[in-house]
Visitor: 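Right, I'll just put the structure down here and ask away after.
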Amino acid sequence: MIICETREELTNWRNNQLEVSLVPTMGALHDGHLSLIQEAKKHRGRSLVSIFVNPKQFGPNEDFDQYPRTLDADLKKCEDEGVDCVWIPKERGIYPEGVENAIGITVPDSLSKVLCGVSRPHFFDGVCTVVYRLLILSKATTAIFGEKDFQQLIILKKMVSDLMIPVTISGCPIVRETDGLAMSSRNRYLSSKERHNAATLYQALLTAKKELSEGINDISVIRSRLQSNCPQLTLDYLECVDHDTLELKQTCKNGDRLCVAAWCGQTRLIDNLMI
Ligand code: AMP
């Protein structure tokens, strides 16, 4: 396994016209990330994992400094998965003139100011800006993302299509703990009591799906029932969206997606479920 810091070290692959499957991450790798890596390994060519905690996607009061950084363990996991190269760029490798002076991608409000974008208005601009740069620098032919961040996946698909970037974006299902909690690098912030409470979110989504099949399809009703099914959590949002366009629905139907965010103590959980 190659460990590299700069784009130049990826040049050999590009010169040899190898296909490259990129898995962009912020590190603190768990089984959700590993499922993306396993998907990358199914593709022809080389597998490339990037580890970069992107300052541009964190708000001023968010956890950039505290974000878990576990590089040694991450490298071991990548090695065990048979990753061809781990790319750990420095901040100046991605933002040569500094984050503040970087030209960025702006996502239309219709996609970036709904769901997670209500409480994190600059988040998706930051994500698109870094992913754009990772794609251009790596010349990846495929990039693999998790459905855990469903809004992000839809926005990135639109970005590569709008900007005509020659890459295929591939989405992978959510990997969960045995009690259903969606795996996340931030789950390690949870106390054991919070960890217990956190699992109620997915159970409440499953209940909503079941009730939907019994005819409860108004999102306002689903929202208040979901909140009462996870009383220890504070709902940030629950919305039903079109699977391809993220258009918000008042009335849910099969094939839509329920997207949720909720606070569990100081930790914000997100999850989603196809209904
Ligand atoms: P992050 O390191 O949190 O930026 O995530 C890197 C990638 O891993 C993103 O494409 C996420 O959607 C994906 N990911 C994170 N958690 C999970 C999970 N539980 N299941 C599947 N993919 C995930």
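In listed order, ligands and their atoms are each counted from 1.
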Visitor: Would you say Val175 and ligand 1 have an N/O pair spaced under 3.5 Å apart?
Guide: yes
Visitor: Got more than 12 heavy atoms from elsewhere within 6.0 Å of NZ, Lys56?
Guide: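 For Lys56, atom NZ is crowded (more than 12 foreign heavy atoms under 6.0 Å).
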Visitor: Between Lys209 (side chain) and Met274 (backbone), is there a donor-acceptor pair under 3.5 Å?
Guide: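 Indeed, once roles are kept as given, a pair shorter than 3.5 Å links the two residues.
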Visitor: For atom NZ of Lys41, is the number of surrounding heavy atoms from other residues, nucleotides or ligands below 6.0 Å larger than 12?
Guide: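 Above 12, so yes.
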Visitor: Between the side chain of His43 and the main-chain N/O of Glu39, is any donor-acceptor distance below 3.5 Å?
Guide: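 Present.
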Visitor: Which of the atoms of ligand 1 are close to His30, meaning less than 4.0 Å from one of its heavy atoms?
Guide: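 Within the 4.0 Å cut-off of His30, ligand 1 contributes 15 (C), 16 (N), 17 (C).
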Visitor: At a non-hydrogen distance cut-off of under 4.0 Å, which region of Leu36 contacts ligand 1 (side chain, backbone, both, or neither)?
Guide: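 Just the side chain.
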Visitor: Whether the Gln151 and Ser112 side chains hold a donor-acceptor pair (N or O, under 3.5 Å, no angle test) is what I'd like checked.
Guide: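 Absent: no donor and acceptor within the cut-off.
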Visitor: Counting both backbone and side chain atoms, is some N or O of Glu147 under 3.5 Å from an N or O of ligand 1?
Guide: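 The answer is no, given that Glu147 and ligand 1 share no N or O pair closer than 3.5 Å.
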Visitor: Is the closest N or O pair between Met26 and ligand 1 shorter than 3.5 Å?
Guide: yes
Visitor: Output yes when the distance from some N or O of ligand 1 to some N or O of Gly146 is under 3.5 Å, and no in every other case.
Guide: yes
Visitor: Are the charged groups of Lys253 and Asp256 less than 4.0 angstrom apart, N to O?
Guide: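 Yes.
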Visitor: Ignoring angles and geometry beyond distance, decide whether Met183 reaches within less than 3.5 Å of ligand 1 through its nitrogen or oxygen atoms.
Guide: yes
Visitor: Do the side-chain N and O atoms of Asp125 and Thr106 include a donor-acceptor pair separated by under 3.5 angstrom?
Guide: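 There is no such pair (donor and acceptor under 3.5 Å, judged by atom type) between the side chains of Asp125 and Thr106.
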Visitor: Counting heavy atoms only, name the option from Gly171, Pro173, Ser50 that's nearest to atom 21 (C) of ligand 1.
Guide: Pro173
Visitor: Note the single closest protein heavy atom to atom 1 (P) of ligand 1, along with its residue, its atom name and the distance in Å.
Guide: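 Among all protein heavy atoms, the one nearest atom 1 (P) of ligand 1 is His33 NE2, 3.6 Å.
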Visitor: Among all protein heavy atoms in this structure, tell me which lies nearest to atom 11 (C) of ligand 1, with the distance rounded to 0.1 Å.
Guide: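 For atom 11 (C) of ligand 1, the nearest protein heavy atom comes out as Asp149 OD2, 3.0 Å.
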Visitor: Parallel, tilted or perpendicular for Phe58 and Tyr67, by the 30°/60° rule?
Guide: perpendicular
Visitor: Going by distance only, is there an N or O of Lys148 that falls short of 3.5 Å from an N or O of ligand 1?
Guide: no
Visitor: Just jot down the ligand 1 atoms closer than 4.0 angstrom to any heavy atom of Ile174, in number order.
Guide: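 Numbered from 1, ligand 1 contributes 20 (N), 21 (C).
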Visitor: Please confirm whether Arg186 approaches ligand 1 to less than 4.0 Å, judged on its heavy atoms.
Guide: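 Flag not set, Arg186 not near ligand 1.
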Visitor: What I want to find out is whether Arg176 reaches Asp271 closely enough, with some N-O distance under 4.0 Å, to be called a salt bridge.
Guide: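 Yes.
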Visitor: Does the residue Pro24 have a heavy-atom contact with ligand 1, meaning some pair of atoms that are separated by less than 4.0 Å?
Guide: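 Flag set, Pro24 near ligand 1.
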